[in-house]
Asks: 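Starting off with a structure, shown below.
Note that this is a predicted model, so its numbers are computed, not measured.
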Amino acid sequence: MSFARIARSSFRRSGGGIHNYTDGRRDLLSNGILIFKTPTTHANIKTWQNMAYFSVIRKLDLPSLGSSGIHMTPNYQYPSSASIAEVSDSDTECRTFPGLEATKQGEKPRVVVLGTGWAACRFMKGLDTKMYDIVCISPRNHMVFTPLLASTCVGTLEFRSVAEPVNQIQSALAKDPNCYFFLASCTGIDADKHEIYCQTVDHAGQSHEPHQFKVAYDKLVIGAGAEPLTFNIKGVKEHAFFLREVNHAQEIRKKLLLNLMLSVSPGVSEEERKRLLHCVIIGGGPTGVEFGGELTDFIKRDVHQRYSHVKDDIQVTLIEANEILSSFDAGLREYATQHLKKCGVQLIRQVVKEVDKERIILSDGTEVPYGILVWSTGVGPSEFVKSLNLPKSPGGRIGVDEWLRVPSVEDVFAIGDCAGFLEQTGKKVLPALAQVAEREGKYLVELFNRIGKQNGGKAYSAKGIPLGEPFVYKHLGSMASVGSYKALVDLRESKDAKGISIAGFISWFIWRSAYLTRVISWRNRVYVAVNWATTLIFGRDNSRIGN
């Protein structure tokens, strides 16, 4: 019997989909997922064309999925439609696709969490593991304390001070026999079967190909995060650094120190030296302003002492199309503007038109040479979120109702930067802030514990259970450091509301105290406190480690 006849017959019976590996293996999805594996040396193997997931699994453009949040690796490709070579039955091996099957009667309900951001980790931390089993799937095994990430770029803090392993946030992932963390990316969701399909993360230098597996869930929580907004400006993804992950901060730190050392090399022209030492920040939000403040502190205290040959050539420029810190009080914005200028930061109000390897082209035609470019203009939905066949809120996030449920499917919830209220709820889409995500995670814990106590944890069993009060977000205020022991604290509930707004050294002390108490573990609080003390006494470490 030909292999093509087997595939066609199986497809008619299952309504499933066919996909392939780049090494010649062929997968067939039916009620379960089967793999037909053929030898890669077979002379008659041809390429499949134009085939994709069928039934309820939507086609995903895997190679293009983003690097922030849940993302794909390029080795895994969806097949296309044309011809399948005929091979003998002896060359074909059939086996069941690996994974976690649906929970059985008597077992605890399984909650699958996609992502390890603020919302997902706050949810996992508070969930009652006596009531639920947890499976977390993410391409990173830690949570990043993003408010302090800018400090790691210049050595004020070390990288481990802002990273918290998920199995320490939720110890059940390391101890309980039915709780797992999988370092993988989600490639598809079958809401009818209550299954997700995943692929292990593929990193450079990995000796084996990624593995595919499935995980059945009783409840699914999507906390896949977001991606930096580039507004489709040419050259941004190729030449700019983003500041959302620890590896981003590591690359920025290495590039900054490399440029400092290259600038003193013999034979470097004055023009090239000034370009290497020009640090450009795009975006005047809290992240961009805080990074600018950290840079000026680094320059004034450390560069002036340890790179005295080029101390007068290093420059920081912040480019913003509108006003910096637009969500803050007008008086605080003016204070921040004047303070940054006093610290030597050049502020330019322009729109970036294009980014080249060594220069930025602005909308008025001005060319700005740079040595390092940090892009911080907000976030938007990732390619993974865009690809899901789920309702979308204004702006493209996954649409949720007042209880953070995805209304078109059973037992699926979305929280954090990847989720937003549907238009019919009458609520505005909340900003992509850490405190929003944390509050959503905390609310969902209470909701899940309420559902579990009423025996609604299993799949399709939560219908008719009263969910309690819907989610309501109350803004607690905003803070931002601007360098030189100065910060801004805006305690208004909204941009137009009245409230306390202060700036200066007292605000800086409040900023540090608040973030020190918000760091998740006591271990990391000690790390942060010790790093701050070490930097105050000895200065920042300027060792460049890695290629």
Asks: Output yes when a side-chain donor or acceptor of Asn524 lies under 3.5 Å from a complementary backbone atom of Ser161, and no otherwise.
Replies: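 It does hold such a pair.
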Asks: Closest approach of Arg244 and Thr146, non-hydrogen atoms and distance?
Replies: O-CG2, 4.2 Å
Asks: Quick one: pull up CD in Glu251 and CZ in Phe242 and give me the separation to the nearest 0.5 Å.
Replies: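 Rounded to the nearest 0.5 Å, the CD-CZ separation comes out at 13.0 Å.
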Asks: Whether Arg160 engages the ring of Tyr527 as a cation-pi pair (distance to the six-membered ring centre under 6.0 angstrom, angle to the ring normal within 45°) should be assessed.
Replies: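 Here Arg160 passes the 6.0 Å and 45° test against Tyr527.
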Asks: Report yes if the side chains of Pro228 and Thr377 come closer than 4.5 Å at any heavy-atom pair, otherwise no.
Replies: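 No; the side chains remain at least 4.5 Å from each other.
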Asks: Within the 4.5 Å heavy-atom criterion, are Glu101 and Lys214 side-chain neighbours or not?
Replies: yes
Asks: How long is the gap from CG on Asn449 to CE on Met131, to the nearest 0.5 Å?
Replies: 5.0 Å
Asks: Any donor and acceptor pair, going by atom type alone, linking the side chain of Ser393 with main-chain N or O of Leu422 inside 3.5 Å?
Replies: no
Asks: Looking at CG of Leu491 and NE2 of His475, how far apart are the two atoms once the value is rounded to the nearest 0.5 Å?
Replies: 9.0 Å
Asks: Is it the case that Thr103 and Lys458 place a side-chain donor and acceptor less than 3.5 Å from each other?
Replies: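 Present: a donor and an acceptor within the cut-off.
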Asks: Taking the six-membered ring for Trp, are Phe413 and Phe123 ring centroids under 6.0 Å apart?
Replies: no
Asks: Is the number of heavy atoms from other residues, nucleotides or ligands under 6.0 Å of Glu423 CD greater than 12?
Replies: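 Open.
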Asks: Can you tell me if Lys442 has over 12 outside heavy atoms packed within less than 6.0 Å of its NZ?
Replies: no
Asks: List the steps and the verdict of side-chain contact (heavy atoms from CB on, under 4.5 Å) for Phe181 and Asn167.
Replies: CA-CA 8 Å; Phe181 170 79; Asn167 57 12; over 6 Å; no
Asks: Is any side-chain heavy atom of Tyr180 closer than 4.5 Å to one of Leu100?
Replies: yes
Asks: Please tell me if the side chains of Val528 and Tyr515 come closer than 4.5 Å, counting only heavy atoms from C-beta onward.
Replies: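 No. Closest side-chain heavy atoms not under 4.5 Å.
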Asks: Taking the basic N atoms (NZ, or NE/NH1/NH2) and the acidic carboxylate oxygens, is any pair closer than 4.0 Å for Lys219 and Asp411?
Replies: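 Answer for the salt bridge query: yes.
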Asks: Can any side-chain N or O of Arg450 pair as donor or acceptor with the backbone N or O of Leu467 at less than 3.5 Å?
Replies: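 The answer is yes, because a donor-acceptor pair under 3.5 Å joins these two groups.
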Asks: Determine yes or no for a side-chain-to-main-chain donor-acceptor pair under 3.5 angstrom, with Arg405 supplying the side chain and Pro407 the backbone.
Replies: no
Asks: Within this structure, what is the CG-CD1 distance for the pair Leu243 and Ile252, rounded to the nearest 0.5 Å?
Replies: 4.5 Å
Asks: Carefully, step by step, assess Leu148 and Val519 under the rule side-chain contact (heavy atoms from CB on, under 4.5 Å).
Replies: CA-CA 9 Å; Leu148 295 178; Val519 173; 4.3 Å; yes
Asks: Please check if the side chain of Asp490 supplies one atom and the backbone of Phe328 the other of a donor-acceptor pair under 3.5 Å.
Replies: no
Asks: Are Val201 and Pro210 packed together at the side-chain level, in the sense that at least one heavy-atom pair is separated by less than 4.5 angstrom?
Replies: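 No; the side chains remain at least 4.5 Å from each other.
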Asks: Quick check: closest heavy atoms across Ile415 and Cys418, and the distance to 0.1 Å?
Replies: O-SG, 3.4 Å
Asks: Side chain of Lys108, backbone of Thr129: donor and acceptor closer than 3.5 Å?
Replies: yes
Asks: In this structure, are over 12 heavy atoms from other groups packed under 6.0 Å from Phe509 atom CZ?
Replies: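 It does not: Phe509 CZ has 12 such atoms or fewer within range.
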Asks: Test Arg110 against Asn178 for side-chain contact (heavy atoms from CB on, under 4.5 Å), laying out the working first.
Replies: CA-CA 9 Å; Arg110 180 186 299 140; Asn178 294 319; over 6 Å; no
Asks: Check whether any side-chain N or O of Trp375 sits under 3.5 Å from a backbone N or O of Gly283 as a donor-acceptor pair, and report yes or no.
Replies: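 No, because the side chain of Trp375 does not come within donor-acceptor range (under 3.5 Å) of the backbone of Gly283.
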Asks: Drop me the distance from Arg512's CZ to Met479's CE, to the nearest 0.5 angstrom.
Replies: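 The distance works out to 13.0 Å.
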Asks: With no hydrogens and no angle check, is any side-chain donor or acceptor of Ser481 less than 3.5 Å from a backbone partner on Glu290?
Replies: no
Asks: Drop me the distance from Trp118's CH2 to Met143's CE, to the nearest 0.5 angstrom.
Replies: 4.0 Å
Asks: Please evaluate residues Val112 and Phe182 with respect to the criterion side-chain contact (heavy atoms from CB on, under 4.5 Å), reporting the C-alpha separation (whole Å), side-chain torsions for both, the decisive distance (0.1 Å), and the verdict.
Replies: CA-CA 11 Å; Val112 174; Phe182 297 136; over 6 Å; no
Asks: Measure from the side-chain N and O atoms of Arg492 to the backbone N and O of Ser501, and report whether any donor-acceptor pair falls under 3.5 Å.
Replies: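 Flag not set: sc Arg492 to bb Ser501 has no pair under 3.5 Å.
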Asks: How close do Ala419 and Val400 get, counting heavy atoms only, and between which atoms?
Replies: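 So the two residues come closest at CB-CG1, 4.2 Å.
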Asks: How about Leu488 and Val289: do any of their side-chain heavy atoms sit closer than 4.5 Å?
Replies: no
Asks: Would you check if there is a donor-acceptor pair between the side chains of Gln435 and Tyr473 at a distance under 3.5 Å?
Replies: yes
Asks: May I ask you to check whether Ser521 and Glu164 show a side-chain donor-acceptor distance below 3.5 Å?
Replies: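 Present: a donor and an acceptor within the cut-off.
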Asks: Tell me the closest heavy-atom pair linking Cys198 and Thr187, and the distance in Å.
Replies: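 Shortest heavy-atom contact: N-OG1, 3.8 Å.
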Asks: Taking the side chain as every heavy atom from C-beta outward, state whether Phe448 and Leu444 have any atom pair closer than 4.5 Å.
Replies: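 Result yes, sub-4.5 Å side-chain heavy-atom pair found.
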Asks: Measure across Val246 and Leu149 and return the closest heavy-atom pair with its distance rounded to 0.1 Å.
Replies: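 Looks like CA-CD1, 4.2 Å.
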Asks: Check Pro391 against Ser408 and note the closest heavy-atom contact, atom names and distance.
Replies: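 That closest heavy-atom pairing would be CD-OG, 3.1 Å.
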Asks: For Lys474, is there any backbone N or O sitting under 3.5 Å from a side-chain donor or acceptor partner on Arg439?
Replies: yes
Asks: Should Ile196 and Leu114 count as side-chain neighbours, where that means a heavy-atom distance under 4.5 Å?
Replies: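 Side chain of Ile196 against side chain of Leu114, heavy atoms only: contact under 4.5 Å found.
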Asks: Aromatic rings Tyr217 and His194: how do their planes relate, parallel, tilted or perpendicular, breaks at 30° and 60°?
Replies: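 It falls in the parallel class, under 30°.
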